[in-house]
Amino acid sequence: MPFVNYHPFIITSGPGCLRYLQEQGYQTFPELFDESYDNVTDRSKRLSIIMGNIEKWCTKDINELHKAYWSVWDKIEHNHKHFFARKHRSEWQDLLDKLNDK
């Protein structure tokens, strides 16, 4: 889960998912990804935009990736804190505790 693990994210779900997350108080990453896919209803076109985003980042060298990651650190940290501050925090904490016990 990107919020828990301090990762920026791109989502391969249905249209409007990014908008929903934003409405829930999460921050997305338009400076890293072309988020226009969130409005595309055609699955093939949507997947094409998502794959283009991923392929773009696969061509970057480690220094560019590192710089990009730290450029959005405030958003990453916000999402992490926001996730654990929400009312479902105890459910996720129980799951994480169970995973750590194994």
Side-chain angles (χ1 to χ4, degrees):
M1 171 149 302
F3 306 137
V4 173
N5 294 309
Y6 294 96
H7 290 243
F9 59 87
I10 188 166
I11 297 180
T12 58
S13 64
C17 189
L18 288 179
R19 183 175 55 251
Y20 173 78
L21 288 173
Q22 292 164 347
E23 290 167 358
Q24 297 304 307
Y26 292 99
Q27 296 181 8
T28 61
F29 302 91
E31 59 274 269
L32 301 181
F33 308 115
D34 171 6
E35 293 186 345
S36 67
Y37 71 89
D38 194 47
N39 300 314
V40 176
T41 56
D42 180 278
R43 288 182 185 175
S44 181
K45 289 179 183 175
R46 184 178 176 77
L47 185 57
S48 179
I49 296 169
I50 291 169
M51 290 304 299
N53 274 293
I54 294 168
E55 289 170 353
K56 177 186 98 171
W57 286 101
C58 288
T59 64
K60 306 284 185 188
D61 71 36
I62 192 69
N63 292 324
E64 287 178 279
L65 294 172
H66 189 261
K67 183 178 179 181
Y69 178 83
W70 289 108
S71 75
V72 294
W73 175 252
D74 290 343
K75 287 183 173 188
I76 292 169
E77 189 174 40
H78 164 85
N79 288 342
H80 180 84
K81 288 178 182 178
H82 184 65
F83 179 82
F84 283 107
R86 294 180 52 96
K87 57 187 166 192
H88 61 266
R89 180 202 182 290
S90 63
E91 295 170 14
W92 284 105
Q93 191 61 54
D94 290 346
L95 175 61
L96 292 173
D97 290 344
K98 286 177 187 174
L99 292 173
N100 287 329
D101 290 341
K102 296 195 178 224

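Judged as a side chain to side chain donor-acceptor pair (under 3.5 Å), and not counting sequence neighbours, Glu23 has no contacts. With sequence neighbours left out, Phe3 forms a ring pair (Phe, Tyr, Trp, His ring centres under 6.0 Å) with Phe9, Tyr26, Phe83. Every residue two or more places apart in sequence or in another chain that forms a side chain to side chain contact (heavy atoms under 4.5 Å, CB included) with His66 is listed here: Trp70. For Ser71, there are no side chain to side chain contact (heavy atoms under 4.5 Å, CB included) partners two or more places apart in sequence or in a different chain. Checked against ring pair (Phe, Tyr, Trp, His ring centres under 6.0 Å), Tyr20 has no partners two or more places apart in sequence or in another chain. With sequence neighbours left out, the side chain to side chain donor-acceptor pair (under 3.5 Å) criterion links Gln27 to no other residue. Among residues two or more places apart in sequence or in another chain, the ring pair (Phe, Tyr, Trp, His ring centres under 6.0 Å) test is passed with His7 by none.
The shortest distance between side-chain heavy atoms of Cys17 and Asp38 falls below 4.5 Å. The closest side-chain heavy-atom distance from Thr12 to Tyr37 is not below 4.5 Å.
The distance from the CZ atom of Phe33 to the CD1 atom of Ile50 is 10.5 Å, given to the nearest 0.5 Å. Note that the CG atom of Leu21 and the OG1 atom of Thr28 stand 8.5 Å from one another [nearest 0.5 Å]. Asn5 contributes atom CG, which lies 9.0 Å from atom NE2 of His80 (distance to the nearest 0.5 angstrom). Of the inter-residue distances, the one linking Ser36 atom OG with Asp34 atom CG reads 3.5 Å to the nearest 0.5 angstrom.
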Apply side chain to side chain contact (heavy atoms under 4.5 Å, CB included) to the pair Tyr69 and Leu32, showing each step before the final yes or no.
CA-CA 9 Å; Tyr69 178 83; Leu32 301 181; over 6 Å; no
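Closest approach of Pro2 to Pro8, counting heavy atoms only: CB-O, 4.4 Å. Contact record, His82 with Gln24: NE2-O, 2.6 Å, taken as the closest heavy-atom pair.
Counting only residues at least two apart or in different chains, salt bridge (Lys or Arg N to Asp or Glu O under 4.0 Å) contacts with residues 66-75 comprise Glu31-Lys75. Residue pairs satisfying the side chain to side chain donor-acceptor pair (under 3.5 Å) criterion with at least one member in residues 39-65, sequence neighbours excluded, are absent.
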